[in-house]
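Okay, structure first, notes after.
A, B, ... follow the sequence lines: proteins, then strands. Residue 1 opens every chain. The figures here come from the full heavy-atom set of this structure, side chains too, leaving out hydrogens, waters and symmetry mates.
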Amino acid sequence: MPLALGKIVEKIKTWLPKAQAEIEARANELEAKFKEPERSVALDRETFGDLENKIKCLPNPSTYRTAVESDLTEALGRWQREENVINSLVVLSSPVEPIELILKQTLAESKSFELPRIKWLPWWVRPQDNTSICDRLQQAIALFQENASQDSDRPQERELVVIPNLSWCFLRCVDGLEGIERLQDLVFQDSSRFWLIGCNYWAWQYLDRVCHVSAYFDRAISLPSLKESELKAWLAPISASLDLDRGGDRSEEQSETSENWTCKAERQYFERLVEISDGISSVAARLWLHSLYLTEPEEAEESLDGDRAEPRGQMWEAIGQKRPDLPDLPALSQDDRYLLFSLCLHGSMALSDLALSLGEKENKIKSQVQLLRRRRIIELDKGLFRLNPAYYLQLRKDLDDNKFPLGENR
Amino acid sequence: MPDLLSGFDVEIPNLTFLLAQTTERDAVDKAQEIIADITALKIFKAIVVVAIAYGGIWIIDRSIGWLSERVALRFRLAVKQSLPFWRALLLTIAGVILGNLFLNLSPSNVLAVTGTVAVALGFAFKDYASSVIAGIIALFESPYQVGDRVKIDGYYGEIITYGLRGIRLQTPDDNIVTIPHNKIWTEAVSNANKGEVEAQVIAHFYFAHGVDIETVMAILYRVAYTSKYTQLDLPILVIIDEEPWGTHFKLKCYPIDARDEFIYKTDLIKRAKQTLAKYGVPYPVLPMPQTDDPS
């Protein structure tokens with residue numbers, strides 16, 4: 001026995017340095033491939049904004065649409081054939097994903113099932129007066145019923161009611177949950193409609209704890225995580241228009257091409273992107289943007305703006321792509337955590353709603369919001385504040401470590 | 001048996017007295033043997049050891065405090081609770097080094113001296129010894145730990161330090177109260193969180209007898225559920241008690257971080273009162289105190 005143990009120890013001793021050297025060689029190889037050239041600078045504001053807008057205009061990943069379509073087909077089919085079955089489907093996503101656009105696109109492009117009459121929630125942003133949500137829901141349902149009775153061609157046809165984002169129907173304040181309670185009453189009283197609801201995990205967990213929503217909408221599915229090839233295919237319309245320089249020796253990598261990948265560097269890039277973004281499309285898109293850089297010409301003037309270069313037009317050379325990485329989450333105070341949790345709970349919200357959800361006056365949180373904007377943790381888009389997707393995963397971990405109830409399966 | 005002493009004119013002193021004198025002389029000799037030679041070098045070394053121990057304790061206190069605020073909330077109290085052990089370790093090492101410098105400790109020396117010295121020291125330091133022993137016992141029994149919110153001897157606060165002789169409480173008024181460990185022998189210790197980061201908060205509300213109970217309960221539950229501080233993983237409860245002058249509602253819930261205990265309670269009361277005002281909920285009217293009117 002001692003002899004065998006000695007042999008094992010010897011083997012480990014000889015194996016360990018080799019393994020270490022191998023790991024270091026691979027790490028150096030990766031680093032060399034994604035190393036920025038010495039003279040490079042982050043994308044200028046114009047280019048960054050332009051690419052960001054292009055990403056927003058991209059159709060949602062087909063993986064999402066396929067997953068929602070298949071579950072909806074099955075649930076709708078059963079509901080249309082049988083009595084007393086579940087008449088709802090909830091699609092859950094991360095707070096930074098545009099769940100409303102995913103549902104909209106899925107229903108617009110779906111060909112695999114015959115849809116009953118579709119009725120959409122009549123608003124696409126949380127109403128300014130949160131106390132009016134309840135009345136507005138009631139009016140919307142009354143309108144649906146009125147339209148149904150007036151349609152003499154299909155008087156008995158059942159309806160599909162779509163609430164693209166459930167977070168638009170509530171605000172975390174004393175008077176802000178009446179809309180959800182009204183919705184529960186409507187579902188309880190009338191089973192002639194099928195409800196398709198989009199929601200983020202955090203809001204769903206919150207509403208389940210407070211209002212027991214899962215008792216009324218008990219079928220919930222999650223958007224799948226994207227794989228490397230799916231991410232690449234989704235971003236292809238934009239990346240194809242850029243002549244991306246990933247560095248590395250192309251001649252060596254040509255021999256490693258496959259159906260999905262033009263080179264090894266590309267495959268490794270997207271593997272890394274999926275790993276750090278957890279397969280969430282909006283996070284991956286933002287990290288993809290942040291991984292781009294411009295190679296600086298030989299005689300460039302120094303920019304006054306430390307963050308981004310001023311547009312140089314034809315002076316800049318190729319756009320390169322470095323190894324994607326998560327940005328460091330700045331240190332947060334407990335008040336920052338409460339604010340960011342509220343923001344993620346509601347998806348995006350106006351300052352007045354944010355103040356109400358925190359139980360504070362607007363003036364009190366303005367400076368806090370401004371600081372977080374300067375640190376780029378939150379963004380302002382069309383008058384609504386939302387979390388920067390690049391920070392989502394680290395924020396999620398930070399809040400989880402600090403015992404905030406997140407409700408996301410990881 | 002032959003009388004060995006016959007023929008000799010010898011005074012035989014009291015045997016017990018002789019024995020006592022011998023024992024005392026032995027003890028003094030042994031005590032002198034226990035204490036090693038005190039030299040200037042040893043004094044210098046002792047000063048250095050004491051300074052290092054003092055500095056080490058200061059560094060440990062600051063480091064543990066710094067680290068506890070950097071780690072995730074779920075680990076904060078575990079980090080803080082390691083503080084007494086690190087201090088005890090450092091003090092033990094310093095004590096052993098000083099002991100070796102100034103004392104020649106051997107079983108016979110120690111045995112000879114403890115008999116007389118221990119009695120003297122015991123009376124002088126009995127309360128201190130009781131506190132130290134209680135502190136060691138408390139490390140294992142854990143009636144309280146660093147980070148706990150406790151009430152002892154009429155004082156309520158968060159334990160911020162666990163020393164050799166006692167604990168230090170930081171009260172809600174930001175006072176630091178030192179309580180010796182030996183209080184646990186005789187006093188009850190009320191612990192609000194017992195090592196957890198959450199501690200229950202109770203907000204009291206008083207209304208007139210004619211109040212709509214269901215409406216008030218619904219509002220209070222909603223107030224707790226919509227507070228940014230509320231830990232939704234723990235239960236929220238509204239309890240009612242009847243008083244002669246009104247109805248007493250207790251809203252029991254937990255904040256995410258026990259340190260937000262008072263700001264959480266303020267938030268609950270503030271938002272509850274704002275909502276209750278909209279519903280015109282009646283508050284109790286207390287009877288006027290009767291005074292003796294000479295006329």
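Residues A:Lys364 and A:Asp335 are not paired through a salt bridge, judged by the lack of any N-O separation under 4.0 Å between the basic side chain and the carboxylate.
With chain A as partner, the option from B:Ile256, B:Val71, B:Asp267, B:Asp257 having the largest number of non-hydrogen pairs under 4.5 angstrom is B:Ile256. Between chain A and the residues B:Arg259, B:Arg271, B:Gln231, the largest count of heavy-atom pairs under 4.5 Å involves B:Gln231. For the options B:Ile236, B:Thr275, B:Asp233, B:Ile219, heavy-atom pairs under 4.5 Å to chain A are most numerous at B:Asp233. Your options are A:Val210, A:Leu171, A:Asp398, A:Leu339, and the one with the most heavy-atom pairs under 4.5 Å with chain B is A:Val210.
The environment of CZ in B:Phe262 is crowded: more than 12 heavy-atom neighbours from other residues, nucleotides or ligands sit within 6.0 Å.
Contact of B:Tyr229 with chain A is made through backbone and side chain together, with heavy-atom distances under 4.5 Å. Interface remark: A:Leu345 contributes no atoms to any contact with chain B (heavy atom separation under 4.5 Å).
Between A:Pro327 and A:Leu287, some side-chain heavy-atom pair lies under the 4.5 Å cut-off. Using a 4.5 Å cut-off on side-chain heavy atoms (C-beta onward), B:Leu251 and B:Ile202 make no contact.
Note: A:Trp195 and A:Tyr216 fail the aromatic proximity criterion, with ring centroids not under 6.0 Å apart.
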